[in-house]
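To start, the structure itself, in structure tokens.
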There are 2 protein chains.
Amino acid sequence: MQRSVRTLGVRNGGTATASSIPAFVPETMGEACTGERCYRCDVRSQSLCSSLPISELGYLDRIARRQHGPAGATMIHDGAPMNFACNITRGAVRLSRLMSDGRRQVTGFLFPGDFLGLTRRQNFPFNVEAITETEYCLFGLNELDTLARDYPDLRQQLLEMACRELDSAQDQMLLLGRKSALERVSSFLLDVFRRQNRWQGTDNIVTLHMPRGDIADYLGLTIETVSRTLTRLRQDRIIDIRETYSVEILTPQGLQELTGNS
Amino acid sequence: MQRSVRTLGVRNGGTATASSIPAFVPETMGEACTGERCYRCDVRSQSLCSSLPISELGYLDRIARRQHGPAGATMIHDGAPMNFACNITRGAVRLSRLMSDGRRQVTGFLFPGDFLGLTRRQNFPFNVEAITETEYCLFGLNELDTLARDYPDLRQQLLEMACRELDSAQDQMLLLGRKSALERVSSFLLDVFRRQNRWQGTDNIVTLHMPRGDIADYLGLTIETVSRTLTRLRQDRIIDIRETYSVEILTPQGLQELTGNS
DNA sequence: CGTACTCTTGAAACTTCTCAAAATGCGTGG
DNA sequence: CCACGCATTTTGAGAAGTTTCAAGAGTACG
């Protein structure tokens, strides 16, 4: 049986060098950023704001509790009561499900601007862990509900966010169920690249904000296979691995063709 | 490279013996079924109804367009404009994403009572195909929106349905990324079993409403591996394959232990 | 400058896939 | 009602891809 189970402690607590992973600090998040204080990338989710009138943004500020945590910290344990939502404002976060024998599936990564806690369940069904040093804002669900009652568009916005997540979850199912290792890694690199380019310049540098183990558990592979595949992409002059966490895409088109998508 | 690409025509159009697949006809769907005509399993989604006052159920009836189609029919093509939602009332339906070279990932199965079209996208991001003969109801999104405007709970209900789907999508990601073939097939059998037992008696018979190829594409395996795994489960006296589409679970606990979940 | 961790590389093992053929099941026509 | 033909399912053997185990290289930090 194929099992990639390693010492659990190492995976969860690899905090020693975790600080060397570059934290994602967006320069600008959307065009509405103002100099002194950027409302959109601060306490509020961009998606959230867009469905509220300006007059309510102050309320959103008041109900938000700012938090920050060190790299490696478990922000939310699987099964924790879900009475708040969360908006990432700095750093990188991973969502994961764990099997009892230690096998892990990373179901997603969150970067600044991403929102967590769309669902209305009793408990969180996954672990939420900080990969790098993180800043985030908590919103009590009760307060958010109050807001949602007055502004149906907010609820609609939440529904649409859930739908986008569902869509990308199904893409990931295709990746995990039918793609080869090469296709998975290629897809992943382009995916991270595109998410970063939402906010930042348009050079071809992809900054990975997570160690190889997280990538492996996200792609349903082992660390070794991820590493080997990256090496192969480098040898084939598709990418250049400038540092461990910094990859340059030499031929975006070539990488795209390796993803298996069209 | 491992690729399970077979003649596309066979997979999509295997209508010759498709009629031999047992269609799912729920005897009772929830306790609210009345004799003469079961409102809940007819035109309306149970989930939908539960958030509406009785007085509006008539409206729901009026805006619903009943449809039915033969086994093997493509109900909705990937990319089709999404201007309606859909409630399955009879039969079995599969949702699938296709890669350009023919590899397929089945992202879900729909049975009576299941709802389709939660998302508000321009186009459907997957294929919707009838496995067996099917009956379903279409709701125009405009009409549904009108209803949702007056009843915020309906919108909340839709959000919760989307969240449940998201949750099960993440479970499926764990299955596809980290589970062995034996664990996948065991998980699948128990999953179908539990979904059926929502509505029907509590014997240990699982009726599969889809051919092996659909199961394989759902579990990220090949037909042969699914077949071999079922054979192994039979030899180990975990299940009994009474007919191709009818499996008896001899030891539910034994099967549960093979799923890898705790 | 050494230690600890992660990442990379190599070789062997294992699981699953591919290819091929036989068996089974179903619908049709005699 | 039975035989035939077609499609699906099962079974077998070999091949391929990924994992596992193991060791070495690189990097960060005290």
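None of the values given here were measured: they were computed from a predicted structure. Chain A is the first sequence line, chain B the second, and so forth, proteins listed ahead of strands; every chain is numbered from 1.
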Q) Should B:Arg97 and A:Asp167 count as an ion pair when the cut-off is N to O under 4.0 Å? A) yes

Q: Taking all non-hydrogen atoms of both residues into account, name the closest pair between A:Gly260 and B:Ser100 and its distance.
A: O-OG, 4.0 Å

**Q.** Output field: ring centroids B:His209/B:Phe111 closer than 6.0 Å
**A.** yes

Q: Using atom CD1 of A:Ile223 as one end and atom P of C:dT8 as the other, report the distance to the nearest whole Å.
A: 10 Å

(Q) Strictly below 4.0 Å: does A:Thr231 bring a side-chain N or O up to OP1 or OP2 of C:dT9? (A) yes

Q: Write down the distance between CG (A:Leu208) and C1' (C:dT6), rounded to a whole number of angstrom.
A: 14 Å

Q: Return the value, rounded to whole Å, for the distance between atom CZ of A:Arg212 and atom P of C:dC7.
A: 6 Å

Q: Measure from the side chain of A:Glu224, starting at C-beta and using heavy atoms only, and say which of C:dT9, D:dT9, D:dT11 lies closest.
A: C:dT9

(Q) Which nucleotide wins on minimum distance to the side chain of A:Ser227, given the candidates D:dT9, C:dA20, C:dC7? (A) C:dC7

Q: Give the rounded distance in Å between these two atoms: CG of B:Leu219 and P of C:dT16.
A: 12 Å

Q. Looking at B:Arg104, B:Arg212, B:Arg184, which one forms a salt bridge (charged side-chain N to carboxylate O under 4.0 Å, His left out) with B:Asp217?
A. B:Arg104

Q: Please tell me which of A:Lys179 and B:Met210 maps to the more 5' nucleotide of DNA chain D, matching each residue to the nucleotide holding its nearest heavy atom.
A: B:Met210

Q.
At less than 4.0 Å, is any side-chain N or O atom of B:Tyr245 found next to OP1 or OP2 of C:dG25? Yes or no.
A. no

Q. Does B:Glu243 get its side chain close enough to the base of C:dC26, under 3.5 Å, for a donor-acceptor pair?
A. no

Q. Which nucleotide in the list D:dT9, C:dC17, D:dC21 gets nearest to the side chain of B:Thr225?
A. C:dC17

**Q.** Contact summary for B:Gly213 and B:Ile223, nearest pair of heavy atoms
**A.** CA-CG1, 3.6 Å

Q.
From the set C:dT8, D:dT19, D:dT18, return the single nucleotide nearest to any side-chain atom of A:Thr222.
A. D:dT19

**Q.** Separation of C:dC14 C1' from B:Leu182 CG (nearest whole Å)
**A.** 15 Å

Q. What's the CG-C1' distance between A:Asp217 and D:dT19, to the nearest Å?
A. 13 Å

Q. Between A:Arg228 and A:Thr244, who's closer to the 5' end of DNA chain C by nearest nucleotide?
A. A:Thr244

**Q.** Nearest-angstrom distance from the residue atom CZ of A:Arg178 to P of C:dT16
**A.** 13 Å

Q) Over how many whole Å does the gap from A:Arg184 atom CZ to D:dG17 atom P extend? A) 14 Å

Q.
Would you say B:Arg234 places a side-chain N or O within less than 4.0 Å of OP1 or OP2 belonging to D:dT11?
A. yes

